[in-house]
Amino acid sequence: MQSGDVMLVRGEGIISAGLQAIQQVIHLGTKSSHVLFCLGDGCFIHATGDGGVHLKFVLDEFNEVKGDWRVIRLKHLPASKRDTLALAGFYFLDQAYNHKFFVSGSPHKAFCSELIGEIFKRANIPIMGNKLPHMLTPAHFDREADKQVMWKDVTDECKEYLSSHSHLEDDHRLVFDTLVKSLHRNKFLGERKAEVWDFIKALDPVMYSKLKPVLDEVSRKTRVKFWNKEGSN
């Protein structure tokens, strides 16, 4: 699975079955109740009501969903854009869950399909006719999976890889665990640095104004950015 792939799944519970059924108003062939975004190396980011926006190891997700999952990939996506998409995905880590489905979007909240729309939007890659992210549902991705006009179904390709590389599960899990720890460490350090600069700003505005150009340049060069650091300098 590559950065930018979207996984369509359906949970085992009654709520998931209900979500899948109600979305058939949008697309009769809807099979999924939830979608996840691939960051690469078995690492996915998604939004759930109990955890907000967080990371998930692909094999752990399989233990919680039905076996008819699917993976779709945007056609004609340049390889250079995959890194951009991964960085865009990291940006939304630890956001809250948006319970206002289709009512309004929020820069600090997202539900599952809204999150994917926001990631592509941040990477400046149009999908779904530029539909507003908070108006997207898993059904819209199911429809794309069935039509395969702008997206292609790569489920069989992914299943073949998983089957032939099952002996590398520990390696992939190690990469995932390392990535999670690294991201949360960077996020934590960024929060502490922001607190220090806020303190300096309050204590000595003149000194802060002299340092601000340096801070802005450091922020500009930082590859991994997080939503709660925008405008912190």
Side-chain angles (χ1 to χ4, degrees), residues 1-74 85-86 88-103 105-106 108-122 127-128 131-148 151-156 158-159 162 176 180:
M1 299 176 188
Q2 300 178 3
S3 299
D5 288 356
V6 177
M7 179 179 285
L8 294 73
V9 302
R10 179 160 59 100
E12 298 280 1
I14 296 176
I15 294 178
S16 294
L19 288 171
Q20 178 253 334
I22 199 171
Q23 289 182 92
Q24 291 183 346
V25 174
I26 297 172
H27 174 56
L28 189 60
T30 298
K31 300 178 182 178
S32 61
S33 61
H34 186 61
V35 285
L36 305 89
F37 182 87
C38 183
L39 298 169
D41 289 316
C43 178
F44 282 76
I45 190 166
H46 66 154
T48 62
D50 60 346
V53 178
H54 60 283
L55 304 177
K56 192 69 174 281
F57 184 57
V58 61
L59 298 183
D60 292 339
E61 181 67 13
F62 290 158
N63 293 330
E64 301 173 8
V65 300
K66 292 186 177 296
D68 58 350
W69 52 269
R70 296 193 287 181
V71 178
I72 59 175
R73 180 175 299 159
L74 192 61
L85 279 167
F90 295 146
Y91 175 84
F92 297 97
L93 184 64
D94 290 340
Q95 280 198 349
Y97 189 76
N98 184 9
H99 291 277
K100 296 183 178 180
F101 306 111
F102 322 127
V103 176
S106 168
H108 302 150
K109 299 179 181 179
F111 53 84
C112 65
S113 45
E114 179 182 17
L115 171 65
I116 293 178
E118 290 287 2
I119 291 172
F120 278 98
K121 180 180 177 181
R122 180 169 177 79
I127 61 170
M128 309 291 177
K131 187 182 290 291
L132 292 173
H134 72 273
M135 297 301 292
L136 288 174
T137 70
H140 289 101
F141 291 95
D142 267 312
R143 184 167 60 192
E144 293 297 327
D146 291 337
K147 289 185 175 182
Q148 296 198 52
W151 299 71
K152 61 180 178 179
D153 190 321
V154 293
T155 307
D156 289 341
C158 294
K159 287 184 175 180
L162 289 168
F176 173 79
V180 171

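Hydrogens, waters and symmetry mates are skipped; everything else that's a heavy atom, side chains included, is used. Along the sequence shown, residues are numbered consecutively beginning with 1.
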Check side-chain contact (heavy atoms from CB on, under 4.5 Å) between [X] and all other residues, then give those that pass, not counting sequence neighbours.
X	result
Cys43	Leu39, Leu55, Phe176, Leu179
Val65	Val9, Glu61
Asp60	Lys56, Phe57, Asn63, Arg173
Leu132	His134, Met135

Separation of [Y] [atom2] from [X] [atom1] (nearest 0.5 Å):
X	Y	atom1	atom2	result
Lys152	Ile72	NZ	CD1	12.0 Å
Lys31	Gln24	NZ	CD	11.0 Å
Leu36	Asp5	CG	CG	12.0 Å
Ile127	His140	CD1	NE2	10.5 Å
Lys121	Ile119	NZ	CD1	13.0 Å
Lys147	Asp153	NZ	CG	15.5 Å

Evaluate the side chain to side chain contact (heavy atoms under 4.5 Å, CB included) criterion for residues Arg70 and Asp146: first the C-alpha distance (whole Å), next the side-chain angles of each, then the deciding distance (0.1 Å), finally the verdict. CA-CA 11 Å; Arg70 296 193 287 181; Asp146 291 337; 2.8 Å; yes
With sequence neighbours excluded, give me every side chain to side chain donor-acceptor pair (under 3.5 Å) pair touching residues 7-18.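 Checked against side chain to side chain donor-acceptor pair (under 3.5 Å) - neighbours excluded - the pairs reaching residues 7-18 are Glu12-Lys66.
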Pairs where residues 33-42 contributes a residue and the test side chain to side chain donor-acceptor pair (under 3.5 Å) is met, not counting sequence neighbours: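 As it turns out, the side chain to side chain donor-acceptor pair (under 3.5 Å) pairs with a partner in residues 33-42, which skip direct neighbours, are His34-His46.
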Centroid-centroid under 6.0 Å between Phe44 and Trp69 rings: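 Between Phe44 and Trp69, the centre distance exceeds or equals 6.0 Å.
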Would you please name every residue forming a ring pair (Phe, Tyr, Trp, His ring centres under 6.0 Å) with Phe92, sequence neighbours left out?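 Ring pair (Phe, Tyr, Trp, His ring centres under 6.0 Å) list for Phe92, sorted by chain: empty.
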Write down the atom of Gln23, the atom of Pro138, and the distance for their closest heavy-atom approach.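 Result for this residue pair: OE1-CD, 3.0 Å.
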Over all atoms of both residues, closest heavy-atom pair of Arg143 and Ile26: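 Here Arg143 and Ile26 meet closest at NH1-O, 3.7 Å.
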Counterpart residues, side chain to side chain donor-acceptor pair (under 3.5 Å), relative to [X] (two or more places apart):
X	value
Glu144	none
Ser32	Asp142
Lys131	none
Asp156	none

If the test is ring pair (Phe, Tyr, Trp, His ring centres under 6.0 Å), which one of Phe141, Phe120, Tyr91 qualifies with Phe37?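 The option that passes is Phe120.
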Check: [Y] and [X] side chains under 4.5 Å, non-hydrogen atoms:
X	Y	value
Gln2	Val154	no
Val71	Lys159	no
Thr30	Thr137	no

Sequence neighbours excluded and cut-off under 3.5 Å, please list the side-chain donor-acceptor pairs for residues 111-118, or say none.
residue, atom, partner, partner atom, Å
Ser113, OG, Leu136, O, 2.7
Glu114, OE1, Asn98, ND2, 3.0
Glu114, OE1, Phe111, N, 3.2

Crowding at CD1, Ile15 (>12 non-hydrogen neighbours, <6.0 Å):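 Count not over threshold, so no.
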Other residues, nucleotides and ligands only: do more than 12 of their heavy atoms fall within 6.0 Å of CG on Leu59?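 More than 12 within 6.0 Å, yes.
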Looking at Ser106, is its backbone amide N or carbonyl O close enough to the side chain of His108 to form a donor-acceptor pair, meaning the two atoms are under 3.5 Å apart?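 No, His108 side chain to Ser106 backbone: no donor-acceptor pair under 3.5 Å.
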